[in-house]
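Within every chain, numbering begins at 1; the chains are lettered A, B, ... in the order of the sequence lines, protein sequences first and strands thereafter.
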Amino acid sequence: MFLSETGQFSTRYADDRRVFRLRQARLGIVALLAFAYLAVPLWASDYWLSAILIPFLVLSLAGLGLNLLTGYAGQLSLGTAAFMAVGAFAAYNFQLRVEGLPFLASFLLGGLVAAAAGVVFGLPSLRIKGFYLIVSTLAAQFLVEWALTKFGWFSNFNPSGVITAPPLSVLGVDLSSPAGRYLLTLAVVTVLFVVAVRIVRSDLGRSWMAVRDMDTAAAVIGIPVARTKLLAFAIGAFYCGVAGSLWAFAYLGTVEPHGFDLNRSFQVLFIVIIGGLGSILGNFLGAAFIVLLPLLLSNLGGSLLSGVIAPGDTENLQKILFGVLIILFLIREPEGLASLWRGLRARARVWPLRD
Amino acid sequence: MSTVARPLAPGADVPLLAVDGISLSFGGVKAVTDISFAVRSGEICSLIGPNGAGKSSLLNVINGVYRPQRGRVVYDGVAAARITPRRAARSGIARTFQNVALFKGMSVLDNVLTGRNLQVRAGWFRQVLGLRAAREEADGHRRKAEEILAFLHIQAYRDTPVGKLPYGLQKRVELARALAAEPRLLLLDEPMAGMNLEEKMDMSCFILDINRDFGTTVVLIEHDLGVVMDISDHVVVLDYGRKIADGAPAEVRDNPDVIAAYIGSAH
């Protein structure tokens, strides 16, 4: 149909390497970015911005971090929320203890501390794989949550362990309004997604996939397997760490260690599985599914079933329905929403170039 | 085994690869017992022998996947104290596997590019930043990968995930990935297993071309004796982990021990 490739030739390798090789795709992405940066902050309500779009973006970013680690490098992890917590609490402490540090710099430093934590908890991956690795990353989850609660220093001795967002401003522009926090989140997410796309298409990305698909063959062709795995943990945890900072400071404003519990790790894992392992776009799709579907169900339930069933029961019903939908979806499309998207794209290509 | 890398006497006709008194066992099972042979630079050497003779184990010793209990591998005049797969790859040894060991989720082109990972100079961060030098380097690797795809006639499958290719083509992609490293020594573990006659002829031609055009020394394991006798300069025969013959194809063919190992002897 409209995805005609007629007349669009790559005459240089650089053209062939482009992420959006087709003119239509490039136009599409420009339109999407213009919509997200200009139209949404102008017209979306505060509720949509702060309760739906910001968590959607932050969870996409956390999903991306886990996807780099699990979907690309093949290292299973349930430590996502731990890395988010490390990022958020580290950013908070840098902000607190370093005078005049721009808060974006503290996000970056928080991410780097999370990366270091990622390397430490990634060390078991050099010896163990699969389910056993999941168990060892689970240790990260419990250890971090415990340490942040146990040692008051991390939360500046706040009695309930809560940390509060620093004033959000960049170059003197105040970003504490919902639209401002949305734009901040969107900007960070955009930059980090571009970087991720370039990583997975670099030699490092290929090495990750090689280690994921067959580590003995990867070693035999000279890939440093241990370094490659640890780098995946570092970069994945960096992404989760920045996502944690955004979660704490751009979305919630205040957060306690239990805000980053095992449920959060599972939530991000579901995003990655539903979106599609080994897909960058899948993180957005999965996050949209996880964030929007419960809202849709609760609105539908509220309007259709009001009066028929007690309000408490509708909430349980929603959870059951949500679970059923996930199961049905994964049976129909085990490779996730991203593969659904690829199928649609293939159909939109003009015959005879359709595969 | 010596712990210091030591060069052999200069001026001697040094073989590219010398396997010297290798013994390897797993627990109580002896896979390879006291095997020695030498591969001259530029030749095609075939390892043959019945199943379980220890051929694959020997390849795994040569490129450091297994560590032998005794003996040493002298490569390019140097007996390395400890061979690891990565060190072997760095020193110019590439290989393919008996069961295709490709990266199934990646495209043919990405598999071949992965084979060039040791040639990549720009670090990942510079590649992500898209610095000019890194981009130009990536162009160079792509050009080389395309040359290899053309050489093996698999350009048409460039963007196909290797998991979707038929077996014969997967074998070819694996060869392409090994060639991408521009190896001096190519170890091929049953490159023609499971192929029909036509595919075997293609693969034989590729191996001969690689040997002739690139000057690559080849050590291959193959069960099809017709192919082996036609393309090899040198044949080593193993049986039950021991070497029973070593020489030119014609000598080996007439060796009574080899005939006994393959078709049995009259008692």
Side-chain angles (χ1 to χ4, degrees), chain A residues 5 10-19 21 68 71-74 191-228 231-232 234-235 238 276-279 335 339 342 346 353 355, chain B residues 60 63-65 84-91 93-97 100-107 109-111 113-130 134-143 145-146 158-160 162-163 174 177-178 180-181 183 187:
Chain A
E5 298 194 16
S10 302
T11 51
R12 297 174 309 159
Y13 291 138
D15 292 344
D16 205 41
R17 276 199 299 268
R18 283 191 290 201
V19 179
R21 213 171 48 76
L68 292 178
Y72 284 92
V191 170
L192 287 182
F193 264 82
V194 171
V195 170
V197 168
R198 304 189 77 144
I199 291 176
V200 299
R201 291 162 152 257
S202 73
D203 274 285
L204 178 60
R206 280 192 289 270
S207 297
W208 281 351
M209 291 186 273
V211 168
R212 171 195 70 189
D213 287 349
M214 190 163 286
D215 52 1
T216 41
V220 164
I221 61 171
I223 291 174
V225 175
R227 206 170 70 99
T228 304
L231 210 46
I235 293 175
F238 175 85
L277 284 162
S279 156
E335 287 174 41
S339 126
R342 277 194 289 272
L353 295 175
D355 20 58
Chain B
N60 281 329
N63 82 327
V65 177
T84 63
R86 184 167 147 82
R87 277 191 211 154
R90 291 182 88 102
S91 65
I93 302 179
R95 74 171 287 184
T96 65
F97 291 83
V100 183
L102 285 166
F103 308 126
K104 292 269 184 318
M106 296 162 72
S107 68
L109 178 65
D110 278 344
N111 268 277
L113 284 173
T114 311
R116 288 194 69 71
N117 77 89
L118 286 173
Q119 273 79 10
V120 174
R121 291 288 153 259
W124 66 274
F125 202 68
R126 288 204 277 165
Q127 291 181 44
V128 167
L129 290 179
R135 289 202 312 267
E136 281 171 1
E137 198 199 329
D139 281 354
H141 293 309
R142 174 72 187 269
R143 199 172 301 118
E146 291 289 341
R158 188 185 288 116
D159 296 322
T160 313
V162 288
E174 204 189 6
R177 187 182 65 190
L187 309 175

Quiz item: Are A:T216 and B:F97 side-chain neighbours, meaning at least one heavy-atom pair lies under 4.5 Å?
Solution: no
Quiz item: Considering only heavy atoms, which portion of A:R12 lies under 4.5 Å from any heavy atom of chain B: side chain, backbone, both, or neither?
Solution: neither
Self-check item: Non-hydrogen atoms of B:V128 and A:R198 that approach each other most closely
Solution: O-NE, 3.0 Å
Self-check item: Close side-chain approach of A:I221 to B:T114, heavy-atom, < 4.5 Å
Solution: yes
Quiz prompt | Part of A:R201 lying under 4.5 Å from any heavy atom of chain B | solution = neither
Self-check item: Minimum-distance pair of heavy atoms, taken over all atoms of B:R95 and A:V220
Solution: CG-CG1, 3.5 Å
Quiz item: Relative to chain B, which of A:A14, A:A218, A:G205 shows the most heavy atom pairs under 4.5 Å?
Solution: A:A218
Quiz prompt | Heavy-atom contact with chain A under 4.5 Å, split by part of B:D139 | solution = both
Exercise. Go through the atoms of B:E146 and report whether side chain, backbone, both or neither lie under 4.5 Å from a heavy atom of chain A.
Key: side chain
Quiz item: Just wondering, more than 12 heavy atoms not from A:R18 lying within 6.0 Å of its CZ?
Solution: yes
Quiz item: If you count heavy-atom pairs under 4.5 Å with chain A, which of B:M106, B:K104, B:R90 comes out on top?
Solution: B:M106
Exercise. Quick one: closest heavy-atom pair of A:D203 and B:Q127, and the distance?
Key: N-OE1, 3.0 Å
Quiz item: Side chain, backbone, both or neither: which part of B:V120 has a heavy atom under 4.5 Å from chain A?
Solution: side chain
Practice problem: Show the numbers, then the answer: is there a side chain to side chain contact (heavy atoms under 4.5 Å, CB included) between A:R206 and B:N117? | Solution: CA-CA 9 Å; A:R206 280 192 289 270; B:N117 77 89; over 6 Å; no
Quiz item: Crowded around A:E335 CD? As in, over 12 foreign heavy atoms under 6.0 Å?
Solution: no
Exercise. Mind listing the closest non-hydrogen atom pair of B:W124 and A:I199 along with its distance?
Key: CZ3-CD1, 4.0 Å
Practice problem: Heavy atoms only: give me the nearest A:A217-B:A101 pair and the separation to one decimal. | Solution: CB-O, 3.5 Å
Quiz item: How many angstroms lie between OG in A:S207 and CG in B:L113, if you round to the nearest 0.5 Å?
Solution: 11.0 Å
Quiz item: What option among B:A181, B:A138, B:G123 has the most heavy-atom pairs under 4.5 Å with chain A?
Solution: B:A138
Practice problem: Check whether A:L277 gets within reach of chain B through its side chain, its backbone, both or neither, counting any heavy atom under 4.5 Å. | Solution: neither
Quiz item: Measuring heavy-atom distances to chain A, does B:A180 have an atom under 4.5 Å in its side chain, in its backbone, in both, or in neither?
Solution: neither
Self-check item: Part of B:R177 lying under 4.5 Å from any heavy atom of chain A
Solution: side chain
